[in-house]
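Structure first, commentary second.
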2 protein chains.
Amino acid sequence: MTATALAGDARLPLYQRLAETLRYDLTQGTRRPGDRMPSENALAAEYGLAPGTVRQALSALVDDGLLERFHGRGTFVRRPSFDRSLFRFFRFRDSSGEWRIPESRILKRTVEPAPSHIARQLGIKDGEPAITMSRLRILSDAPVLAEEIWLPKARFEAFLDLSESEIGPLLYPVYDSRCGQLVARAEETLTAEAARPEIARLLRVDRNAPVIVIDRLAKGFDDTPLEWRRSQGRADQFHYHTEIR
Amino acid sequence: MTATALAGDARLPLYQRLAETLRYDLTQGTRRPGDRMPSENALAAEYGLAPGTVRQALSALVDDGLLERFHGRGTFVRRPSFDRSLFRFFRFRDSSGEWRIPESRILKRTVEPAPSHIARQLGIKDGEPAITMSRLRILSDAPVLAEEIWLPKARFEAFLDLSESEIGPLLYPVYDSRCGQLVARAEETLTAEAARPEIARLLRVDRNAPVIVIDRLAKGFDDTPLEWRRSQGRADQFHYHTEIR
DNA sequence: CAGTGGTCTAGACCACGAG
DNA sequence: TCGTGGTCTAGACCACTGT
């Protein structure tokens, strides 16, 4: 109907161009997690497209995990949740069998020049100051994970002012509320190795016992690397399951 | 237009009922991998539906991995491929860096009563006869995987008659051509443990070195369990990578 | 070229959620 | 009851593939 003010290559399908336009709003802060999107009809009118075309664009973003649809309520910007993290394959339950978030004991929190392999991951210069932290995650008095965490100091200055009691077991809400850094997604890498002496002591396993090592790089909506962490847990507590075809 | 002869609950959407009808054809042998499906228009005419509705049904099956669409050519029954297997995260390349299928050396091939944990997986009775096989997978003279395989004897009688030279590194084509058993999908479970003495010897690693253990249960189109296997490889060769949000 | 799937339209009607 | 997304129709036209 009206002239469509859609970004992107005019040779691409309209639904793709609309999807890209909306995706841009999501990766910039224009629309935030939890926001409701305009209705399909409203978007159709705004961009001069048929409702079906708008629907196709929204479906693409839903498939991509950026939006969430609720029949009768609307379409919403999805809050990232890390339900798909590899950690869900650790058999870390309560003694009663319930899933619980392990408590956290901070063993160390300092500022250090970033070693080169960390700096590369965080997209900062070799040796630039970084906040590093060691934590032990504990469930029913049993140590379950040993974590080493690195943050670029420039973005997380405020994190240093927090007292330990202000830092709960979940860090991402703290990054958001205290440092204005919102984690949108992450990449995880899994391997296994023989427990080094310090890790063995922390996890209370034999030296050289097999441990699962999960490295995670967390990123913001604009793809900026925000946090790198390495977590290690007992291999005998870990069973990853998947279906293939 | 015409009376639709669609299976399923009449309260469900038409596209779902069509999808279920077609899925049934696929899980039974009516349509086999590689077959071309009737065109969208042909299906629409056959079932008295609008083309868009048929398209929606096919899309569901494509998303499900049962069909494959090719623009201008048609829609085809997908051949299962195990590209998504966890084994792709082993750094098993040739010395030149190319991906190659490891050779296979069969160490043992016998018939034994199925131990209960295997029988449970294969859906046969505890102690029922099963074919079991040990293989060592080798790449450029280096052992990379140790495998233990179990098959229900009733379905795989013909497998016993084969000479070792007739069994290549890839078993599933042999199961199909020689035993009429077509693998459609599989479930894999991954964990890590310390190498037991025999595995350490086969893989030429230290005793108690960490090894990745992948258990796979392969199933037919009708969901019958066909093969159980446990594969073990060096943990230092394994790096699983995934993205989450 | 004919036949396939891919995009897009402009509606209708239904099912669900919230006020 | 109203507004939302979900299903469905009956086309038109485009883009790709094979002959």
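So that the names make sense, note that chain A is the first sequence line, chain B the second, and so on, each numbered from 1. These values consider heavy atoms only, across backbone and side chains, with no hydrogens, waters or symmetry-generated copies.
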Whole angstrom value for the distance that separates [atom2] of [N] from [atom1] of [X]:
| X | N | atom1 | atom2 | answer |
| --- | --- | --- | --- | --- |
| Leu58(B) | dT7(C) | CG | P | 14 Å |
| Leu12(A) | dC14(D) | CG | P | 17 Å |
| Arg69(A) | dA15(C) | CZ | C1' | 15 Å |
| Tyr15(B) | dA15(C) | OH | C1' | 13 Å |
| Asn41(B) | dG5(C) | CG | P | 8 Å |
| Tyr47(B) | dT9(D) | OH | C1' | 19 Å |
| Arg55(B) | dT7(D) | CZ | P | 16 Å |
| Arg11(A) | dG6(C) | CZ | C1' | 17 Å |

Looking only at side-chain atoms of [X], point me to the closest of [options].
| X | options | result |
| --- | --- | --- |
| Arg73(B) | dT9(C), dT4(D), dG18(D) | dG18(D) |
| Leu49(A) | dT9(C), dT17(D), dG6(C) | dT9(C) |
| Ala50(B) | dT17(D), dT9(D), dT7(D) | dT9(D) |
| Gln56(B) | dG18(D), dT7(D), dC8(C) | dT7(D) |
| Leu14(B) | dC8(D), dG5(C), dG18(D) | dC8(D) |

For His71(B) and dA15(D), do the ring centres fall under 5.5 Å apart while the planes stay under 30° apart?
yes
Ring geometry between Tyr175(B) and Tyr172(B) (parallel below 30°, tilted from 30 to 60°, perpendicular above 60°)
tilted
Report yes or no: do Ser39(A) and Asn41(A) form a side-chain donor-acceptor pair below 3.5 Å?
no
Whichever of Glu40(B) and Pro13(A) has its nearest DNA chain C nucleotide further upstream toward 5'
Glu40(B)
Taking the side chain as C-beta and beyond, is there a heavy-atom pair between Thr53(A) and Leu18(A) under 4.5 Å?
no
Before accepting this row, confirm whether a basic side-chain N of the pair Arg23(A)/Glu20(A) lies closer than 4.0 Å to the acidic partner's carboxylate O.
yes
Neighbour count above 12 (heavy atom, 6.0 Å) for Arg88(A) CZ:
yes
Please confirm whether the shortest side-chain N or O distance from Thr53(A) to OP1 or OP2 of dT7(C) is below 4.0 Å.
no
